[in-house]
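Below is one structure, written out as structure tokens; the observations come after it.
By convention here, the first residue in the shown sequence is residue 1.
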Amino acid sequence: QVQLVESGGGLVQAGGSLRVSCAASGRTFSSYAMGWFRQAPGKEREFVGAISWNGGNTYYANSVKGRFSIARDNTKNTVYLQMNSLKPEDTAVYYCAAPPNYTPYTNNGPWGYWGQGTQVTVSS
């Protein structure tokens, strides 16, 4: 059973930075791409970015490109989302996601496993 646990969310002022983490367990972490999503109140969940199995390829939504970056440490079974130059519109619950089957590269899923989410609030 794959488990994803996010951490590191919090309250930050606009223009600030925050890093959230996602610890994975239950299968060989290094074989799979990983993704990040977010959901703001009253809005649908949206794709933020993804990273390939070895970190060599990353993909980002236009809304975060140049401000957010994704990295992974396969020795720690952890993927990170570094968020810089945060804006109030980045306020959301951030989720990490994993494919259901062997998928070393993807920027559009499928995504079969989800974490519980971590709240990120950006104040103006």
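Cluster annotation: Trp53 is not connected to Val2 through the hydrophobic network of ILVMFWY side chains, with a link wherever side-chain heavy atoms come within less than 4.5 Å.
When only modelled atom types and interatomic distance are considered, Ser52 and Asn54 share a side-chain donor-acceptor pair under 3.5 Å. Using modelled atom types, one finds a donor on one side chain and an acceptor on the other under 3.5 Å when comparing Ser17 with Asn84. A donor atom on one side chain and an acceptor atom on the other are not found under 3.5 Å apart for Glu89 and Thr91.
Atom-to-atom distance recorded for Ser21:OG and Arg72:CZ is 13.5 Å, nearest 0.5 angstrom. Going from atom CG of Leu4 over to atom OG of Ser25 covers 7.5 Å, rounded to the nearest 0.5 Å. To the nearest 0.5 angstrom, Glu6 atom CD is 4.5 Å from Gln116 atom CD. Residue Gln1 holds its CD atom at 6.0 Å from OH of Tyr113, rounded to the nearest 0.5 Å.
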Requested in this report: Give the intermediate values and the outcome of side-chain contact (heavy atoms from CB on, under 4.5 Å) for residues Val5 and Cys22.
Outcome: CA-CA 5 Å; Val5 179; Cys22 172; over 6 Å; no
Query raised in the report: Under the side-chain contact (heavy atoms from CB on, under 4.5 Å) criterion, do Asp90 and Arg67 qualify, and how do the steps go?
Result: CA-CA 11 Å; Asp90 294 318; Arg67 300 188 299 122; 2.7 Å; yes
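Taking the side chain as every heavy atom from C-beta outward, Leu18 and Val120 approach each other to under 4.5 Å. Annotation: side chain of Tyr95 is in contact with side chain of Arg45 (closest heavy-atom distance under 4.5 Å). For the pair Thr118 and Val93, the minimum side-chain heavy-atom distance is 4.5 Å or more. Using a 4.5 Å cut-off on side-chain heavy atoms (C-beta onward), Pro104 and Ser31 make no contact.
Nearest heavy-atom pair, Ala14 versus Pro88, reported as atom, atom and distance to 0.1 Å: CB-CD, 4.1 Å. Here the shortest heavy-atom pairing between Ala50 and Ile70 reads N-CD1, 3.4 Å. What you find for Met34 and Ala98 is that their closest heavy atoms are SD-CB, 3.7 Å. Ile51 and Thr58 get closest at one heavy-atom pair: CG1-CG2, 3.8 Å.
Side-chain atoms of Gln13 never come within 3.5 Å of backbone atoms of Ser124 as a donor-acceptor pair (strictly under, hydrogens ignored). Put simply, the side chain of Thr106 gets close to the backbone of Gly109: a donor and an acceptor are under 3.5 Å apart. No donor-acceptor distance shorter than 3.5 angstrom exists from the side chain of Gln119 to the backbone of Gly10, with no hydrogens or angles considered. Checking side-chain atoms of Glu46 against main-chain N and O of Arg38 turns up no donor-acceptor pair under 3.5 Å. The backbone N or O of Arg27 sits nowhere less than 3.5 Å from a side-chain atom of Asn77 that would complete a donor-acceptor pair.
Within the structure, no pair that satisfies the ring-ring contact (aromatic ring centres under 6.0 Å, His included) test touches residues 59-89, not counting sequence neighbours. The stretch residues 20-43 participates, sequence neighbours left out, in these ring-ring contact (aromatic ring centres under 6.0 Å, His included) pairs: Phe37-Phe47, Phe37-Trp111, Phe37-Trp114.
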